[in-house]
Amino acid sequence: MLEQVTSGLDRILQGVRTGSLWLARAGGILILLTVILVTIEVLSRQFLGRSKVHATELTGYVMAISASWAFAYTLMRKAHIRIDALYLKFPVSVRGVLDLVALLSLALFCVLVVGAAFGVAEHSYSGGARANTPLGTPVWIPQALWLLGLVWFSIAVVLMSLRVLLGLIGGHVDEVQWLAGSPTLDEQISDEKGETN
């Protein structure tokens, strides 16, 4: 029974990995478009003396949106910054428990952040709030896109936490290490070599 649940959860996590990759790529495209807008604005100001692009406002929105869209991908790639000086000295089973505690802490943080972000976006939408800028952007639009990334990240964290818990219950500490553990230097080098080949 546990194996069937774990297998189903692995399939779901593979879908989350794929979705996270595409969200991160979309965020990257948004950043590239912002670079183009900023370049157009700078050239317009230089040669025409004025600009109608309003890249400053759009850049702020894009940075928040693209960051939240990349959070889940970063989690799946185990690329969040970690302080693991002591962690790597513990046995693999202890590391698995620490990984679960870290994921559960992150899940709690996600609940708080998503709740607050939803409240902000909902208040902006119901109040008809607009940016105090020449564009007058309805602020719920960028806030909703930002919230989308946070919700997706929360889903990824909860599913990863559940998968790590099931791995620990089943005694598969090596799987837990592969899923959520902090990679050793050798694993990081191997991973980088694999991506460049």
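Residue numbers start at 1 and run along the sequence shown.
- A distance of 14.0 Å separates OH of Tyr61 from CG of Leu30, quoted to the nearest 0.5 Å.
- A side chain to side chain contact (heavy atoms under 4.5 Å, CB included) with Leu106 is found for one member of Val111, Leu75, Val158 and no other, namely Leu75.
- A donor-acceptor contact shorter than 3.5 Å links the side chain of Trp69 to the backbone of Leu145.
- Note on Phe109: it clusters hydrophobically with Met160, by side-chain heavy-atom contacts below 4.5 Å among ILVMFWY residues.
- How far CD1 of Ile36 is from CD of Glu41: 14.0 Å, rounded to the nearest 0.5 Å.
- By the 4.5 Å heavy-atom criterion applied to side chains, Leu58 and Thr34 are not counted as neighbours.
- Taking both residues in full, the closest heavy atoms of Lys78 and Trp178 are given as NZ-O, 3.0 Å, listed atom of the first, atom of the second, then distance.
- In the hydrophobic cluster analysis, where Ile, Leu, Val, Met, Phe, Trp and Tyr join through side-chain heavy atoms closer than 4.5 angstrom, Leu165 is grouped together with Val5.
- A single hydrophobic cluster is seen to contain both Ile155 and Ile12, as judged by linkage of ILVMFWY side chains at heavy-atom distances under 4.5 Å, directly or through other members.
- At a threshold of 4.5 Å between side-chain heavy atoms, the hydrophobic network of Ile, Leu, Val, Met, Phe, Trp and Tyr places Val151 and Leu162 in one connected group.
- Thr39 places a side-chain heavy atom less than 4.5 Å from the side chain of Leu43.
- When all heavy atoms are compared, the tightest approach of Ala180 to Val164 is CB-CG2, 3.7 Å.
- Taking hydrophobic clusters as Ile, Leu, Val, Met, Phe, Trp and Tyr residues chained together by side-chain heavy-atom distances below 4.5 Å, Leu37 does not share a cluster with Val42.
- If you take OG1 on Thr59 and CD1 on Ile31, they are separated by 10.0 Å, rounding to the nearest 0.5 Å.
- The line from CG of Leu98 to CG of Leu103 is 11.0 Å long, rounded to the nearest 0.5 Å.
- Expressed to the nearest 0.5 Å, how far CG of Leu148 lies from CG of Leu23 amounts to 6.0 Å.
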Side-chain donor-acceptor pairs of residues 134-143 under 3.5 Å, sequence neighbours excluded:
unit_1: Thr137; atom_1: OG1; unit_2: Glu57; atom_2: OE2; d: 2.7
unit_1: Gln143; atom_1: OE1; unit_2: Ser124; atom_2: OG; d: 2.8
unit_1: Gln143; atom_1: NE2; unit_2: Ser124; atom_2: OG; d: 3.4

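- Contact annotation: the side chain of Asp99 approaches that of Gln177 to within less than 4.5 Å [non-hydrogen atoms, C-beta and beyond].
- Evaluation of the side chain to side chain donor-acceptor pair (under 3.5 Å) test over residues 144-157, restricted to residues two or more places apart or in two chains, returns Ser20-Trp152.
- Contacts classified as side chain to side chain donor-acceptor pair (under 3.5 Å) and involving residues 159-172 (residues at least two apart or in different chains) are given here: Glu3-His172, Asp10-Arg163, Arg163-Glu175.
- Applying the 6.0 Å contact sphere to NE2 of His123 captures no more than 12 heavy atoms from other residues, nucleotides or ligands.
- The minimum heavy-atom distance linking Ala117 with Leu147 is given by the pair CB-CD1, 3.7 Å.
- Around the OH atom of Tyr87, the shell of radius 6.0 Å holds more than 12 heavy atoms that belong to other residues, nucleotides or ligands.
- In this structure, the separation between CG on Leu9 and CG on Leu13 is 5.0 Å, given to the nearest 0.5 Å.
- Side chains of Arg95 and Val176 form no contact here, defined as non-hydrogen atoms less than 4.5 Å apart.
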